[in-house]
Amino acid sequence: MPHNAHMPGANPWMQEALALARRAVGVSEPNPRVGCVIVSAAGELLGSGHTQAAGQAHAEIMALRDAAARGADVRGATAHVTLEPCSHHGRTGPCCDALVAAGIGRVVASLQDPNPLVGGQGFERLRAAGIAVEVGFGAAESRELNIGFFSRMVRARPWVRMKIAASLDGQTALAGGQSQWITGEAARADGHAWRARAGAVLTGIGTVLEDDPRLDVRLASVGRQPPLVVVDSRLQTPADAALFEVGQRPVWIYAAEARPQAQARLEARGATVAHLPGPGQKVDLAALLEDLAGRGVNELHVEAGFKLNGSLLREGLVDEFLVYLAPKLLGPGQGMVNIGPLASLADAVALAFHSVEPVGPDLRVLARIPGRDAF
């Protein structure tokens, strides 16, 4: 536990800061989702804000600006912030220096920043300036909200969330491939909200050729369309695929084979093509995740077919399953993941339920590989 830490407890101002941080979902990527609330010694709200788009103001700066707009004097006040104030010069200046310059008297933070460029230095600079620092309130909530950022900083790979819509007997499509729609409108809208919070959406060439999907966010409000990642070993993505119809969205296509003419056609449509050959003339999926981390992807939202789902799972690259279960039985069809047949029950992929909630007539199950979030 960090120096001078407190166990999470009742702190209404931190809860307000966390609510602000949640408003940064889909906005702040690749930066973490952070909220800040500045409160006077008398318990009066002076200013608040959350992290804006990359290159724009962080939460602490937004809160200081809000206080200035209100004509509030923040000297001696307490800043409640959901992550350690940054101490480095990135696209913006250090937030800890701004708090010091403003005369803040105390900082209550949820967590130490996992970014090695910060990693406690922000707290050290605050304390060196005579500012009291307390750490720990709202830690679990803040970490969960930023699990992808922590994953990228600590593991150098995104948090991989695999979304699946299935019947109660585990079928994602009929034997002939028909799958629209197994789940209801509420589940589809909820799935789009999860797309919106992702740093990128990943699919496979099989899905592109069979369904010609857009894989954009249409049923939820979003500040930007997350980039689309296509695993396409032989560069078979059609140049007129519907996925190119989404404006202002990066499309990253990963291939295993060099096909100059196909690559030229796709690049003419604005796609970025990367070659990451792996065994069996397939894309090296682990290397793909490392590359996406380098592109600033915190959370990777996977919507693919059972073959690619199975490959990701067998290689130990899936962290979490987002499964929508419809109260229907489809009989023999296409399953969720291609992992079997197993020789023994002991070989089953063990999961732990993280949350189970009804969404319209369907059920949303969030299940994790046990211990995968312990980084």
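If you read the sequence from its start, that first residue is 1, and numbering goes on from there. As the structure is a computational prediction, the values presented were derived from the model and not from experiment.
Here the side chains of R259 and R234 are in contact, with some heavy-atom distance below 4.5 Å. With a 4.5 Å cut-off on side-chain heavy atoms, V107 and E134 do not count as touching. With a 4.5 Å cut-off on side-chain heavy atoms, L300 and L289 count as touching. With a 4.5 Å cut-off on side-chain heavy atoms, W194 and Y324 count as touching. Taking the side chain as every heavy atom from C-beta outward, N298 and S151 never approach each other to under 4.5 Å. Put simply, the side chain of P85 reaches to within 4.5 Å of the side chain of L126, judged on heavy atoms. Inter-residue side-chain proximity for V154 and F149 is flagged as unmet; no heavy-atom pair is nearer than 4.5 Å. A heavy-atom distance below 4.5 Å is found between the side chains of I38 and C36.
At a threshold of 4.0 Å, the pair R155-D319 counts as salt-bridged, since one of the basic side-chain nitrogens sits closer than that to a carboxylate oxygen. Between D291 and R157, no side-chain nitrogen of the basic residue sits less than 4.0 Å from a carboxylate oxygen of the acidic one, so the salt-bridge criterion is not met. Taking 4.0 Å as the cut-off between side-chain N and carboxylate O, R372 and E320 do not count as a salt-bridged pair. With respect to the salt-bridge test (charged N to carboxylate O, under 4.0 angstrom), the residues R33 and E299 qualify. Electrostatic pairing of R364 and E357 counts as a salt bridge here, judged by a charged N lying under 4.0 Å from a carboxylate O. A salt bridge links D216 with R218: the distance from a Lys NZ or Arg NE/NH1/NH2 to an Asp or Glu carboxylate oxygen falls below 4.0 Å. The pair D373-R368 meets the salt-bridge criterion, since a charged nitrogen lies less than 4.0 angstrom from a carboxylate oxygen.
Cluster annotation: V160 and V337 are assigned to the same hydrophobic cluster (Ile/Leu/Val/Met/Phe/Trp/Tyr, side-chain heavy-atom contacts under 4.5 Å, transitive). Taking hydrophobic clusters as Ile, Leu, Val, Met, Phe, Trp and Tyr residues chained together by side-chain heavy-atom distances below 4.5 Å, I369 shares a cluster with V323. I104 and V133 fall within the same hydrophobic cluster, where Ile, Leu, Val, Met, Phe, Trp and Tyr residues are linked whenever their side-chain heavy atoms come under 4.5 Å apart, directly or through other members. Transitive grouping of hydrophobic side chains (ILVMFWY, heavy atoms separated by less than 4.5 Å) keeps V217 and L202 in distinct clusters. Residues F244 and V273 fall within the same hydrophobic cluster, defined by Ile, Leu, Val, Met, Phe, Trp and Tyr side chains chained together at heavy-atom separations under 4.5 Å.
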- Task: Take R224 and E29, measure what side chain to side chain contact (heavy atoms under 4.5 Å, CB included) needs, and give me the verdict at the end.
- Result: CA-CA 10 Å; R224 92 299 178 237; E29 280 77 13; 3.9 Å; yes
- Stepwise side chain to side chain contact (heavy atoms under 4.5 Å, CB included) test for M162 and L312: CA-CA 9 Å; M162 182 173 287; L312 287 164; 3.9 Å; yes
- How far apart are the C-alpha atoms of L45 and W13, what are their side-chain angles, what is the distance that settles it, and do they pass the side chain to side chain contact (heavy atoms under 4.5 Å, CB included) test? CA-CA 9 Å; L45 175 65; W13 292 117; 3.9 Å; yes
- Task: Evaluate the criterion side chain to side chain contact (heavy atoms under 4.5 Å, CB included) for residue pair L313 and L317; output intermediate values, then yes/no.
- Result: CA-CA 6 Å; L313 184 61; L317 303 177; over 6 Å; no
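Judged by distance alone, with hydrogens and angles left aside, the side-chain atoms of N309 form a donor-acceptor pair with the main-chain N or O of M336 at under 3.5 Å. Formation of a donor-acceptor pair under 3.5 Å by the D284 side chain with backbone atoms of L276 is not found in this model. For E84 (side chain) and D113 (main-chain N/O), a donor-acceptor pair under 3.5 Å exists by modelled atom type. Here the side chain of N31 pairs no donor or acceptor atom with the backbone of A53 at under 3.5 angstrom. At least one donor-acceptor pair under 3.5 Å links the side chain of S142 to the backbone N or O of T82. No side-chain donor-acceptor contact under 3.5 Å links E303 to the backbone of K163. Side-chain atoms of R125 come within 3.5 Å of backbone N or O of S87 as a donor-acceptor pair. Between the side chain of T172 and the main chain of Q334, a donor-acceptor pair closer than 3.5 Å is present. The backbone N or O of L219 lies less than 3.5 Å from a partner atom in the side chain of H192, making a donor-acceptor pair. A donor-acceptor distance shorter than 3.5 angstrom exists from the side chain of S40 to the backbone of E44, with no hydrogens or angles considered.
Listed here is the closest heavy atom pair of C96 and G122: CB-O, 4.0 Å. Closest heavy-atom contact between S167 and L325: O-CD2, 3.5 Å. Between R249 and P226, the shortest heavy-atom contact is CD-O, 3.1 Å. For the residue pair A256 and P277, the shortest heavy atom distance occurs at O-CB, 3.6 Å. Between P32 and L83, the shortest heavy-atom distance links the atoms CG-CD2, 3.7 Å. Nearest approach of A98 to I61, heavy atoms of both residues: CB-CD1, 3.5 Å.
If you run side chain to side chain contact (heavy atoms under 4.5 Å, CB included) between L243 and each of T207, T203, I253, V208, only V208 comes through. A side chain to side chain contact (heavy atoms under 4.5 Å, CB included) with Y254 is found for exactly one of T272, L292, V230, namely L292.
Annotation: R70, atom CZ; neighbour count of heavy atoms from other residues, nucleotides and ligands within 6.0 Å is above 12. Within 6.0 Å of the NZ atom in K307, the count of heavy atoms belonging to other residues, nucleotides or ligands does not exceed 12. Within a 6.0 Å radius of CD in E315, more than 12 heavy atoms belonging to other residues, nucleotides or ligands are found. Residue Q261 places its CD atom among 12 or fewer non-hydrogen atoms of other residues, nucleotides or ligands, all under 6.0 Å distant.
With values rounded to the nearest 0.5 angstrom, I182 atom CD1 is found 5.0 Å from L330 atom CG. To the nearest 0.5 Å, the span separating CG on L64 from CD on E60 amounts to 8.0 Å. Atom NZ of residue K328 and atom CG of residue D169 lie 11.5 Å apart, to the nearest 0.5 angstrom. The line from CH2 of W252 to CG of L288 is 10.5 Å long, rounded to the nearest 0.5 Å. Here the straight-line distance linking atom CG of L18 with atom CD of Q15 works out to 5.5 Å at 0.5 Å rounding. For the atom pair OG (S311) and CG (L285), the distance works out to 6.5 Å, reported to the nearest 0.5 Å.
Under the 3.5 Å distance criterion, with hydrogens and angles disregarded, a donor-acceptor pair is assigned to the side chains of D232 and T237.
For the pair R152 and W159, the cation-pi criterion (under 6.0 Å, within 45° of the ring axis) is not fulfilled.
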